[in-house]
Amino acid sequence: MRGSRKYKHVIETPDPGKWELPGYEETLPISEKSNPITRELDKADPVQLVQLLRDCDAEIFQEEDESPIHYERLYSESTLKRVEEVAKRVQEILKSPDEGLIVLSGCGTSGRLAMLLSNSFNRLLKGLHKTPCYTYIISGGDRSIVTSQEAPEDNPRLGAEELQRVCEGKKQVVYIGISCGLSAPFIAGQLEFCMKNLDKFLPVLVGFNPVNMARNESIEGSHFTFRQVAERMQSLQDGQRAFILNPAVGPEGICGSSRMKGGSATKILLETLFLFAHKAESNVAVTEKCLLEILRTYERAHKVTYSQSKKIAALTKQCATSLQKKGHFYILGWGTLGLMGIMDAAECPPSFQADCGDVRGFVRGGYNSLENKEGDLSSAGPEFAISHDDFVKSVLPSLSETDTVLFIFTLDDDLSEVEKLVTQVKEKTSNVHAISHAIAGQYMPTSTKKIIPNVIGVTWPILFLEYEGAFIQKFQRELSTKWILNTVTSGAHVLKGKVFKNFMVDFKIANSKLFHRAVSVLQRLSGHSQHRCTEALLRAIYGVQDLPDQIKNAAITKHAEEASSKEKVVPTAIVSLLRSCTFQESRARLDASSTVRAAIESSLNVPGRKRGAESTDSGGHS
Ligand code: F6P
């Protein structure tokens, strides 16, 4: 049944999904449910794969439905109203920037987006000769922008200390804590700190689960759970002393991968909020209609992007071929499009146990262009070298035909520079692709067209808007690039056999959230109890068949620390559960199998194994 459609949509959003029905994976929050759309993702060819992920992304724009459980959505009146309320508080800061600050904070992709957005809006202010008043925090510091540092995400005290440090000397702070799953202890610590200092802080929580689905496991070293923090905020919301922006956007196309829809929805929601605040600040009469107009530009971005589905599928296939042959996928971007590549690459190791060299992002100008707080980090190690010059120096000499290189630019960038780099790359590999963004009426010069064999050409309609118009265009290009890259790298890892159905099955357990996710995946695939799955996981982590009490009773952060340097932990546990065998036998079977997916599939088909366990609904935010 299709719900009542209130707004005129740019794209066709799918019918309400089965995941919304009462009883569907009941114990799991939306952000950890498996999306029914992508149930067979692991059997899809590249073209189907892009279509399935496109449909998942379209769910971001779906409206509130009339079904028994109806979740608040992006377009729900209550969401729009709260966006307006927070925007008013942002405006107050914009009026007295010397005394106030807007802090965006997050972990992993959420933290990278915090940096991107705070830099974008500071630039917007500078262009108007106004004082920049946005800043960002990312758990693990600036190193986490380029690489994945998951452990600090578990530390609420670190979060609170960093927030206090950043806000020193300020009188009013709008704090925006992003945790897509309403789950990161680092963010919970900061929200808790804000609530203890409400005279100075307005805490705003951004995520994509209802509050009653926020994570409820105890947080080591603290007396609260994320859910308790969120509930306290909810009670402060009536008096407008705190806000929660948490529309449902549906489960991720790859179960739990919040870098995908969660990240995109964060970008859409917060850019809309800030653009709205800036418009109002410049004395333009703002109404709900303005909000809707901005949101529609993002819907348009979905349509424009996925009109290139065939070419995106071809790139996905090429990327998969390189990764399957132990080659690499290099992404070379200009401006913030380079950062989109770096963001995407940083999530491949934790999501798919990819080597940190498998997918790498580079940006023209390196750290200067990133505008991160800690400046040049390239001396921290080879994976921190992110400029095009670094690529030429350290990657180009060993580049080969097994590698794929993707260039991302707009037609306003220096195309002679693009051409020069493409020419150098083509001497080493013929697998050269590009994403080129143009505005209607702009055409790629023949010289560029001639040397790049495969171009995903994204053409944007002209926006006749005042100053902010240029920013909306930039935001659309970034989101479009994010959608393409998420699809290409996730899709390539699906084709490489790193996903079973739509579950990540070879991810790095580097923090407590990921430990719980692993147990939940084991329960869903094997049908065994939480206790049995936890023990199988511990055997795989520690490499012992008989678990001593010392291991059984250790803190989850200890397990995560131990697991983070190990390989094939989750697959070993899955196969051992499915075959009721030792972790050694399981590991040997995995090593002998062509892919992780194939090893799981064959273990499910072992004669005598009880069928149907893989659809068991269990495990979740306790
Ligand atoms: O723990 C790693 C990770 O899952 C990243 O992949 C993700 O971007 C980050 O955590 C943040 O997640 P959330 O926004 O749900 O707190």
Side-chain angles (χ1 to χ4, degrees), residues 28-33 104-117 136-140 144-156 159 176-191 204-210 213-215 217 219 225-227 229-230 244-246 248-249 251-267 269-270 340 342-354 359 482 485-486 489-490 493 504 507-518 520-521 556-557 560-561 563-564 570 621:
L28 293 164
I30 299 172
S31 60
E32 296 284 336
K33 287 186 199 288
L104 286 93
S105 178
C107 312
T109 295
S110 301
R112 295 176 195 113
L113 286 167
M115 181 189 77
L116 174 70
L117 267 65
Y136 71 90
I137 298 174
I138 177 165
S139 67
S144 311
I145 295 166
V146 179
T147 58
S148 96
Q149 316 275 337
E150 316 279 351
E153 194 173 316
D154 271 339
N155 195 329
I176 301 189
I178 310 161
S179 181
C180 299
L182 263 60
S183 60
F186 186 84
I187 298 300
Q190 295 181 333
L191 291 167
V204 180
L205 166 61
V206 172
F208 304 99
N209 282 322
M213 292 185 177
R215 190 170 160 194
E217 288 128 16
I219 297 174
T225 69
F226 201 110
R227 191 178 302 169
V229 171
I244 306 180
L245 304 175
N246 58 336
V249 293
E252 295 290 347
I254 294 184
C255 198
S257 185
S258 64
R259 75 180 186 123
M260 299 175 81
K261 285 165 80 172
S264 305
T266 300
K267 190 163 154 48
L269 183 67
L270 288 177
M340 304 319 289
I342 290 171
M343 279 174 56
D344 199 279
E347 287 287 349
C348 291
S351 307
F352 307 110
Q353 283 275 8
V359 180
K482 179 180 181 298
L485 292 178
N486 285 171
T489 58
S490 300
H493 283 99
M504 288 180 197
F507 57 94
K508 206 178 261 176
I509 301 178
N511 61 34
S512 61
K513 174 179 79 181
L514 298 169
F515 182 88
H516 289 294
R517 183 179 297 161
S520 166
V521 169
I556 288 177
T557 47
E561 195 186 311
S564 61
V570 183
H621 283 185

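Start at 1 and go down the list; that is how both ligands and their atoms are numbered. Only heavy atoms go into these numbers, but all of them, side chains included; no hydrogens, no water, no symmetry mates. The residues of the chain are indexed from 1 along the displayed sequence.
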- Where is the nearest protein heavy atom to atom 16 (O) of ligand 1: which residue, which atom, and how far? S179 OG, 2.8 Å
- Query: Does ligand 1 have an atom under 4.0 Å from some heavy atom of E347?
  - Reply: yes
- Query: Is a side-chain N or O of E153 found less than 3.5 angstrom from the main chain of G108, in a donor-acceptor match?
  - Reply: no
- Note on the structure: In short, F507 meets P350 closest at the heavy-atom pair CB-O, 3.2 Å
- Task: Determine yes or no for a side-chain-to-main-chain donor-acceptor pair under 3.5 angstrom, with K261 supplying the side chain and G253 the backbone.
- Result: no
- Message: If we ignore hydrogens and angles and just use 3.5 Å, is the side chain of D154 paired with the main-chain N or O of N511 as donor and acceptor?
- Response: no
- Message: If we ignore hydrogens and angles and just use 3.5 Å, is the side chain of S183 paired with the main-chain N or O of R215 as donor and acceptor?
- Response: no
- So is R517 polar-close to ligand 1, meaning N/O to N/O under 3.5 Å? no
- Message: Looking at every heavy atom in both G106 and A114, which two are closest together, and how far apart are they?
- Response: N-CB, 4.4 Å
- Pull out every atom of ligand 1 sitting under 4.0 Å from any heavy atom of E153, numbered as shown with elements. 1 (O), 2 (C), 10 (O)
- Ignoring hydrogens, just give me the one of E150, R215, M260 whose non-hydrogen atom is nearest atom 1 (O) of ligand 1. E150
- Item | Side-chain H-bond candidate by donor/acceptor type, E217 with S512, under 3.5 Å | no
- Is R259 close to ligand 1, meaning an N/O of one under 3.5 Å from an N/O of the other? no
- For ligand 1, which atoms, with element, lie under 4.0 Å from some heavy atom of S258? 7 (C), 12 (O), 15 (O)
- Return the option from G262, P350, G108, C107 holding the heavy atom at the smallest distance from atom 11 (C) of ligand 1. C107
- Item | Option with minimal heavy-atom separation from atom 10 (O) of ligand 1, where the choices are K508, M343, E32, K513 | K513
- Message: Under 4.0 Å from a heavy atom of T109: which atoms of ligand 1 are those, numbered in the order shown and with their elements?
- Response: 8 (O)
- Part of L182 within contact of ligand 1 (heavy atoms, under 4.0 Å): neither
- Checking R112 side chain against S144 main chain: does a donor-acceptor pair fall under 3.5 Å? yes
- Message: I'd like to know if G106 contacts ligand 1, where contact means a heavy-atom distance under 4.0 Å to any ligand atom.
- Response: no
- Query: Do D344 and R259 come close enough that some side-chain heavy atom pair is under 4.5 Å?
  - Reply: yes
- Message: What I want to find out is whether K508 reaches E150 closely enough, with some N-O distance under 4.0 Å, to be called a salt bridge.
- Response: no
- Item | Proximal atoms of ligand 1 relative to A184 (non-hydrogen, under 4.0 Å) | 16 (O)
- Quick one: which ligand 1 atoms are inside 4.0 Å of a heavy atom on G181? 15 (O)
- Message: I need the atoms of ligand 1 closer than 4.0 Å to a non-hydrogen atom of C180, numbered in the order shown.
- Response: 13 (P), 14 (O), 15 (O), 16 (O)
